[in-house]
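For reference, the structure discussed in these notes is given below.
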Amino acid sequence: MQYWLFKSEPTTFSIDDLMHSPKQTTHWEGVRNYQVRNMLRDEIKVGDQAFFYHSNCNPPGIAGTMEIVKAGYLDESAFDPQSKYFDPKSSRAKPLWYQVNVRFLKKLTRYISLEELKKQPLLKNMPLLRQGNRLSVTKVTKEEWEFIYKLFRAN
DNA sequence: GCCAACGTTGGC
DNA sequence: GCCAACGTTGGC
């Protein structure tokens, strides 16, 4: 089992939106970055767990956790001209984009801001904290995952 | 295949 | 809203 961190802008889709989705599950569509596509298609497996990170908001930070319930499959929104994620370069014959399904696990007992994450020496290698990192999905090590769990058990 | 121009992300 | 970082595009 592997651990991940998924970013989403809460104005687009927040952890509360996930909580209130049917079966607390959603398809994580709209990824249009090749590195992240490769992770979705090849690496992320059913049973993997992920942090739900709120980006481009005040303050950004980790809000909760979720679980992968369906591994990589075609992102249909790329084929839909009405979708804001439409990509004419992707076709069913030669699909470019993939998605996974995720299910809500829980909200953290408290929100862990990016500022707080940055203070932790143990987390300094997280891709999330590297300057200029823009990937919307990144790997989290077991050590980082467990450390962040301890962080929100405190207080 | 280089690289300038352009678009997007996302913290601040 | 600014702007640094960085991915993508397209002319050559």
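Order of the sequence lines sets the chain letters (A, B, ...), proteins ahead of strands, with each chain counted from 1. Nothing here was measured: the structure is a model prediction, and the numbers come from that model.
Judged by distance alone, with hydrogens and angles left aside, the side-chain atoms of A/D48 form a donor-acceptor pair with the main-chain N or O of A/K45 at under 3.5 Å. With hydrogens and angles ignored, the 3.5 Å screen pairs a side-chain donor or acceptor of A/E144 with a backbone N or O of A/T141. In this structure a side-chain-to-backbone donor-acceptor pair under 3.5 Å is present from A/K7 to A/L135.
Per the geometry, CZ belonging to A/R130 stands 15 Å off P belonging to B/dG11, to the nearest Å. Taking atom CZ of residue A/R32 and atom C1' of nucleotide C/dT9, one finds them 17 Å apart after rounding to whole Å. Between the P atom of B/dT9 and the CG atom of A/L129 lies a distance of 20 Å, rounded to the nearest Å. Per the geometry, CG belonging to A/N33 stands 11 Å off P belonging to C/dT9, to the nearest Å. Rounded to an integer number of Å, the gap from A/N133 CG to B/dT8 P is 19 Å. Atom P of nucleotide B/dG11 and atom CD1 of A/I62 are separated by 12 Å, given to the nearest angstrom. C/dT8 atom C1' lies 9 Å from atom OH of A/Y34, rounded to whole Å.
Of the residues in residues 75-92 of chain A, those with a non-hydrogen atom less than 4.0 angstrom from any atom of DNA chain C are A/K89.
Side-chain nitrogen and oxygen atoms of A/Y53 include at least one within less than 4.0 Å of the OP1 or OP2 phosphate oxygen of B/dG11. For the pair A/K7 and B/dG10, the criterion of a side-chain N or O lying under 4.0 Å from OP1 or OP2 is met.
Distance check, rounded to the nearest 0.5 Å: OH of A/Y53 to CD1 of A/I112 gives 12.0 Å.
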Let me have the donor-acceptor pairs involving side chains of residues 10-21 of chain A, under 3.5 Å, with sequence neighbours excluded, atom names and distances please.
{"unit_1": "A/S14", "atom_1": "OG", "unit_2": "A/D16", "atom_2": "N", "d": "3.2"}
{"unit_1": "A/S14", "atom_1": "OG", "unit_2": "A/D17", "atom_2": "N", "d": "3.2"}
{"unit_1": "A/S14", "atom_1": "OG", "unit_2": "A/D17", "atom_2": "OD2", "d": "3.3"}
{"unit_1": "A/D16", "atom_1": "OD1", "unit_2": "A/K107", "atom_2": "NZ", "d": "2.8"}
{"unit_1": "A/D17", "atom_1": "OD2", "unit_2": "A/S14", "atom_2": "N", "d": "2.8"}
{"unit_1": "A/H20", "atom_1": "ND1", "unit_2": "A/D16", "atom_2": "O", "d": "2.8"}
{"unit_1": "A/S21", "atom_1": "OG", "unit_2": "A/D17", "atom_2": "O", "d": "2.7"}

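Positionally, the nearest nucleotide of DNA chain C for A/N56 lies more toward the 5' end than for the other of A/Q131 and A/N56.
Out of B/dG11, C/dT8, C/dG7, the shortest distance to the side chain of A/S55 is found at B/dG11. Listed nucleotides: B/dG10, C/dA5, B/dG11. Nearest to the side chain of A/R134: C/dA5.
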